[in-house]
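Before any comments, here is the structure.
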Amino acid sequence: MKLLTATLVMMLTASTPAGSETPATHTPALGQPADRELVQRWNLSVFADGRGLPDGQGNVSTGRKLYEQHCMTCHAVDGSGGSGDRLAQAGTGLTDEYPDKTVGNFWPYATTLFDFIRRSKPMAAPGSLSADEVYALTGYVL
């Protein structure tokens with residue numbers, strides 16, 4: 001244990017040769033820098049009061065079709081849960097040891113649900129749905 005501690009201390013306090021990068025400038029070199037268009041596309045904030053919602057509209061019948069196409073594989077028929085979380089029909093409350101975080105008892109605002117669907121769904125292509133499709137899905141799930 002003393003050897004491990006001494007080794008860690010040496011690694012953390014070792015100086016770098018003159019002219020080389022300091023440890024603070026090393027990066028894992030993963031991915032690529034985000035360009036302005038990507039940042040703007042993903043810089044989406046929807047607030048509980050509706051600020052930030054995009055223009056659009058949807059209806060429950062269209063939402064049902066989209067749910068069957070994009071969501072039912074994971075969330076099952078009527079949101080009853082499958083490999084994905086249950087969306088409806090909570091069996092337990094939020095104060096239970098293992099709460100069901102369904103739309104009805106966990107998502108306090110329709111805008112929160114809209115924002116989540118828009119950012120993360122469908123699983124195979126997050127963020128690929130149009131605003132109208134997200135409105136329709138939100139309506140259906142609610």
Side-chain angles (χ1 to χ4, degrees), residues 1 4-142:
M1 186 66 170
L4 177 61
T5 303
T7 303
L8 287 173
V9 168
M10 286 176 33
M11 289 172 56
L12 293 172
T13 59
S15 62
T16 58
S20 68
E21 294 184 50
T22 61
T25 61
H26 289 281
T27 63
L30 299 174
Q32 60 189 13
D35 61 32
R36 183 185 281 304
E37 189 241 322
L38 178 65
V39 171
Q40 287 177 337
R41 191 170 72 234
W42 283 96
N43 188 18
L44 311 169
S45 296
V46 174
F47 299 91
D49 64 4
R51 285 179 294 129
L53 284 170
D55 291 335
Q57 61 183 346
N59 60 57
V60 172
S61 62
T62 301
R64 176 186 286 276
K65 292 174 190 166
L66 289 164
Y67 181 88
E68 290 169 356
Q69 180 182 358
H70 296 290
C71 312
M72 194 161 61
T73 302
C74 295
H75 295 289
V77 175
D78 297 327
S80 58
S83 62
D85 289 338
R86 176 190 303 247
L87 300 178
Q89 307 162 0
T92 60
L94 291 179
T95 58
D96 291 335
E97 184 176 359
Y98 300 103
D100 281 333
K101 296 177 183 175
T102 62
V103 172
N105 71 358
F106 187 69
W107 299 86
Y109 306 102
T111 51
T112 306
L113 181 59
F114 177 96
D115 189 51
F116 180 76
I117 291 171
R118 179 170 68 165
R119 289 174 188 274
S120 64
K121 303 300 174 189
M123 188 172 172
S128 64
L129 299 172
S130 71
D132 289 346
E133 289 172 321
V134 177
Y135 278 114
L137 269 170
T138 301
Y140 175 71
V141 170
L142 290 173

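The basis for the numbers below is simple: all heavy atoms, side chains too, and nothing from hydrogens, waters or symmetry mates.
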Counting only N and O atoms by type, is there a donor-acceptor contact under 3.5 Å from the side chain of [X] to the main-chain atoms of [Y]?
| X | Y | value |
| --- | --- | --- |
| Thr111 | Val46 | no |
| Asp96 | Pro99 | no |
| Tyr98 | Thr92 | no |
| His75 | Asp85 | yes |
| Asp78 | Ser80 | no |
| Tyr109 | Phe47 | no |

Heavy-atom pair of closest approach, residues [X] and [Y]:
| X | Y | answer |
| --- | --- | --- |
| Phe114 | Thr138 | CA-OG1, 3.5 Å |
| Gly81 | Ala76 | O-CB, 3.2 Å |
| Gly52 | Arg118 | O-NH2, 4.1 Å |
| Gln57 | Asp132 | N-OD1, 2.8 Å |

Practice prompt. Taking atom CG of Asp55 as the centre, report whether more than 12 heavy atoms of other residues, nucleotides or ligands fall under 6.0 Å from it.
Written response: no
Worksheet item: Does atom CZ of Arg86 have more than 12 heavy-atom neighbours from other groups under 6.0 Å away?
Response: yes
Worksheet item: Looking at Ile117, Leu137, Leu66, Leu87, which hits side-chain contact (heavy atoms from CB on, under 4.5 Å) with Cys71?
Response: Leu137
Practice prompt. From the options Glu133, Gln69, His70, select the one residue that forms a side-chain contact (heavy atoms from CB on, under 4.5 Å) with Pro122.
Written response: His70
Worksheet entry | Tyr140 vs Lys65 side-chain heavy atoms within contact, under 4.5 Å | no
Item to complete: Check whether any side-chain heavy atom of Thr62 sits under 4.5 Å from a side-chain heavy atom of Tyr135, and report yes or no.
Response: no
Worksheet entry | Euclidean distance, Arg51 CZ relative to Asp49 CG, rounded to 0.5 Å | 4.5 Å
Item to complete: State whether a side-chain donor-acceptor pair under 3.5 Å links Thr102 with Asp100.
Response: no
